[in-house]
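Please read these numbers as outputs of a predicted model, since none were measured by experiment. Both ligands and their constituent atoms are indexed starting at 1 by order of listing. The chain is numbered in sequence order, starting from 1.
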Amino acid sequence: MKVLILGGDGYLGWPTAMYLSKKGHDVAVLDNYIKRFWESQAEVEPLTPVNNLNKRIKIWENLTQNKIKLFLGDISENSRFLNNTISDFKPEAIIHYAEQPSAPFSMISQHNCIETQRNNVLGTLNLIFAIQRNNPDIHIIKLGTMGEYGTPNIDIEEGWLKINHNGRSDKVLYPKRPPSFYHLSKVHDSANLEFVCRSWDFRVTDLNQGIVYGIETDETIIDDRLCTSFHYDQYFGTVLNRFIVQAYLGIPLTVYGKGGQTRGMLNIKDTLKCVEIALNNPASKGEFRVFNQFTEQFTVLELAKKVKKACIMIGKEVDIGLYPNPRKELDNHYFNAKHSALVDLGLEPEYLNEDFIIKMINTVSKYSERIDPSIIEPTHFWNNKSAR
Ligand code: USQ
């Protein structure tokens with residue numbers, strides 16, 4: 001299949017490109033490197049030294065004889081560029097990762113909130129119009145987030161909710177209660193995409209993904225120069241990835257609040273498998289299809305305990321630190337989210353265990369000289385008082 005990946009420089013975009021290219025798909029990646037600019041604004045860098053896309057594509061081609069096409073440009077500001085890319089490459093599917101991915105980053109200031117929503121919402125709108133101009137049959141596979149739902153006190157369905165009200169019934173998009181301006185940007189995207197399925201017969205799969213962990217995929221391990229961008233800082237690092245670096249350093253794990261927050265999680269390798277499943281089983285014309293993309297759920301404290309247990313197995317002392325929660329979120333809540341659609345289509349999950357955690361700690365040790373301990377502790381609190 002001809003597949004265009006938007007956000008091909010990112011943590012998930014680059015591994016997805018290699019994975020699909022190895023499977024024989026005709027892959028193109030598009031990026032504008034803006035995430036690297038946001039990282040420098042936040043004064044952080046990934047743990048891994050990430051080559052630019054030109055370089056990584058050449059290395060990939062030399063090692064595997066598989067070609068990946070590159071388009072460099074901004075989809076949120078340059079709709080002509082996006083339009084031309086789609087009309088040149090003629091993709092059958094577009095995987096859309098090209099978004100500002102961090103909740104804490106979006107909560108730093110008014111500027112960061114607007115930058116997040118500008119980039120994410122306008123990028124998706126430009127994509128919608130470029131597809132409308134070129135070929136509305138293109139399947140959009142959009143990276144959404146489980147955070148769109150928030151933590152309601154009822155079961156979470158996969159995207160849609162059947163309701164009975166005053167003796168009548170209907171099916172509506174599941175009510176959203178997101179916890180940050182970043183998560184809100186994904187809610188706005190979902191609403192815009194559902195609208196064009198209804199109005200213009202688009203085909204869309206919205207992947208409401210949980211928190212991803214992991215540093216390696218079967219393709220990144222072919223050569224260190226193909227590694228993906230891995231963060232452990234307070235803005236772009238996700239919780240388990242952060243704990244792994246903290247465990248390596250032997251510093252207390254930064255559990256926010258009491259650690260009762262429950263979240264859906266998945267291994268980075270499962271992200272690739274899920275995207276492939278969506279690609280091979282496209283949404284129908286006019287269908288806005290939602291998959292809840294996670295494989296297991298944990299509380300933050302359970303994750304920390306798992307990391308501590310893995311450390312004990314390798315003779316490492318690590319404490320669980322309880323930090324004042326910099327975020328506004330429920331510490332103790334109900335969480336029961338359906339996630340059967342991808343498994344029904346054949347997903348075989350990689351489950352989290354102590355051996356995997358130990359493997360990650362060993363991988364982190366390869367990059368130990370690049371760790372900056374000063375970017376780990378949370379310094380930004382997103383209550384009203386700290387908003388700028
Ligand atoms: N947390 C800690 N300690 C830390 C970091 C986080 O206790 O050092 C807690 C947070 O308070 C939160 C939970 O861990 O309750 C998850 O935080 P996170 O930073 O790992 O994840 P989140 O901000 O929700 O965002 C991440 C990705 C985002 C994706 C989302 C999926 O950055 O792109 O959309 O996970 S989900 O969480 O399901 O919405």
With the side chain counted from C-beta on, respond yes when [X] and [Y] share a heavy-atom pair under 4.5 Å apart, and no when they do not.
{"X": "Gln234", "Y": "Ile375", "result": "no"}
{"X": "Glu216", "Y": "Thr228", "result": "no"}
{"X": "Leu72", "Y": "Leu70", "result": "yes"}

Protein heavy-atom partner closest to [atom] - residue, atom, separation in Å:
{"atom": "atom 1 (N) of ligand 1", "answer": "Tyr256 CD1, 3.4 Å"}
{"atom": "atom 38 (O) of ligand 1", "answer": "Met146 CB, 3.2 Å"}
{"atom": "atom 3 (N) of ligand 1", "answer": "Thr254 O, 2.5 Å"}
{"atom": "atom 20 (O) of ligand 1", "answer": "Val239 N, 2.7 Å"}
{"atom": "atom 35 (O) of ligand 1", "answer": "Ile211 CG1, 3.4 Å"}

Can you name the atoms of ligand 1, numbered from 1 with element, that are less than 4.0 Å from a heavy atom of [X]?
{"X": "Arg242", "value": "4 (C), 5 (C), 8 (O)"}
{"X": "Val300", "value": "7 (O), 9 (C), 13 (C), 14 (O)"}
{"X": "Val255", "value": "7 (O)"}
{"X": "Pro101", "value": "27 (C), 28 (C), 32 (O), 33 (O)"}
{"X": "Ala103", "value": "23 (O)"}
{"X": "Tyr182", "value": "28 (C), 29 (C), 33 (O), 34 (O)"}
{"X": "Gly147", "value": "36 (S), 38 (O), 39 (O)"}
{"X": "Gln209", "value": "31 (C), 38 (O)"}

**Prompt:** So is His183 close enough to ligand 1, meaning a heavy atom under 4.0 angstrom away?
**Reply:**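 The answer is yes: ligand 1 sits under 4.0 Å from a heavy atom of His183.
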**Asked** Parallel, tilted or perpendicular for Phe288 and Trp160, by the 30°/60° rule?
**Response**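 Rings of Phe288 and Trp160: perpendicular, over 60°.
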**Asked** Once the angle between the rings of Tyr235 and His380 is folded into 0 to 90°, is it parallel (under 30°), tilted (30 to 60°) or perpendicular (over 60°)?
**Response**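 Because their plane-to-plane angle lies in the 30° to 60° range, the rings of Tyr235 and His380 count as tilted.
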Tell me if the centroids of the rings in [X] and [Y] come within less than 6.0 Å of each other.
{"X": "Phe105", "Y": "Tyr182", "result": "no"}
{"X": "Tyr213", "Y": "Phe356", "result": "yes"}
{"X": "Phe129", "Y": "Trp200", "result": "yes"}

**Message:** Please find the pair of heavy atoms, one from Pro15 and one from Thr217, that lie closest to each other, and give the distance.
**Reply:**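 Residues Pro15 and Thr217, closest heavy atoms: CB-CG2, 3.9 Å.
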**Message:** On a heavy-atom basis, I'd like to know which of Thr145, Thr238, Thr151 is closest to atom 31 (C) of ligand 1.
**Reply:**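 Ranked by closest heavy atom to atom 31 (C) of ligand 1, first place is Thr145.
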**Prompt:** Which option out of Arg263, Glu329, Arg327, Gln261 puts a heavy atom nearest to atom 17 (O) of ligand 1?
**Reply:**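 Residue with the shortest heavy-atom distance to the ligand atom: Arg327.
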**Prompt:** Taking the side chain from Gln297 and the backbone from Phe335, do they hold a donor-acceptor pair closer than 3.5 Å?
**Reply:**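 Checking the backbone N and O of Phe335 against the side chain of Gln297, a donor-acceptor pair under 3.5 Å is found.
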**Request:** Determine yes or no for a side-chain-to-main-chain donor-acceptor pair under 3.5 angstrom, with Lys308 supplying the side chain and Val318 the backbone.
**Result:**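 Side chain of Lys308 to backbone of Val318: a pair is present.
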**Message:** Taking 4.0 Å as the limit for heavy-atom contacts, which would you say applies to Phe294 with ligand 1: side chain only, backbone only, both, or neither?
**Reply:**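 Neither; no heavy atom under 4.0 Å.
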